[in-house]
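To start, the structure itself, in structure tokens.
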Amino acid sequence: VFKKEEISQLFPEYYVILVKHFDSVAKDSLDEWIYYLKHNEIPDNFKARGLEQAREKLRIDRLPESERVDYLRHLDNVSFAESLMDSSKRDGIIEGVGIGKKEGIEIGKKDKSRQVIISGYTRGLPPEMLGILTDLSEDEVLEILREEKFNI
């Protein structure tokens, strides 16, 4: 069925690495990963592929609980804002087919910025941050919030 002659061609090879027997001397990139798994730390001189991402995850995991929750909430808010920007831009392009692509993109950007500002403000983001996310001035952000009847 799979057109394979050997069973080993179907299934991956697995290796068992006994981390407790590792002498903690990193001679190559595999040793750097084993060191990390054994000691739960990554020395600055380690350069194995993927360790930079692991180092960032480790840094986040070591934050105090309240800071880690705030940081993860911030990442969620940024991701949400970017998603809103993308979908509004797409909506603007679709709407703009009838009135011209350039005008549609501008309408989409403005609509997206407005959605990001409203959504972000209701999630607790300050106007300064909303201005950064939407490339608008703080005054423009405050004007949109007032138009939407927020008490500023």
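As a basis for the values below, the full set of heavy atoms in this structure was taken, side chains included, without hydrogen atoms, waters or symmetry mates.
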What's the separation between atom [atom1] in [X] and atom [atom2] in [Y], rounded to the nearest 0.5 Å?
X	Y	atom1	atom2	result
I118	E147	CD1	CD	9.5 Å
Y71	D76	OH	CG	12.5 Å
L37	F22	CG	CZ	9.5 Å
T134	K110	OG1	NZ	13.0 Å
F150	I144	CZ	CD1	11.5 Å
R123	F80	CZ	CZ	4.5 Å

Return yes if some donor-acceptor pair links the side-chain N/O of [X] with the main-chain N/O of [Y] below 3.5 Å, else return no.
X	Y	value
E32	A48	yes
E67	P64	no
S83	S79	no
S119	Q115	no

Exercise. In terms of side-chain geometry, is the basic nitrogen of D111 or R114 positioned less than 4.0 Å from the acidic oxygen of its partner?
Worked result: no

Exercise. Is it true that R68 and E65 have a side-chain N and a carboxylate O under 4.0 angstrom from each other?
Worked result: yes

Exercise. Do L136 and I117 touch side chain to side chain, with heavy atoms closer than 4.5 Å?
Worked result: yes

Exercise. Is V25 close to D31 at the side-chain level, that is, under 4.5 Å between some pair of heavy atoms?
Worked result: no

Look at atom [atom1] of [X] and say whether more than 12 heavy atoms of other residues, nucleotides or ligands are closer to it than 6.0 Å.
X	atom1	result
Q9	CD	yes
E56	CD	yes
K47	NZ	yes

Problem set entry | Steps toward salt bridge (Lys or Arg N to Asp or Glu O under 4.0 Å) verdict (E143, R146) | CA-CA 5 Å; E143 181 181 327; R146 286 187 196 103; over 6 Å; no

For this session: May I ask whether F46 and I17 are part of the same hydrophobic cluster, defined by side-chain heavy atoms of I, L, V, M, F, W, Y residues being less than 4.5 angstrom apart, directly or through others?
Result: yes

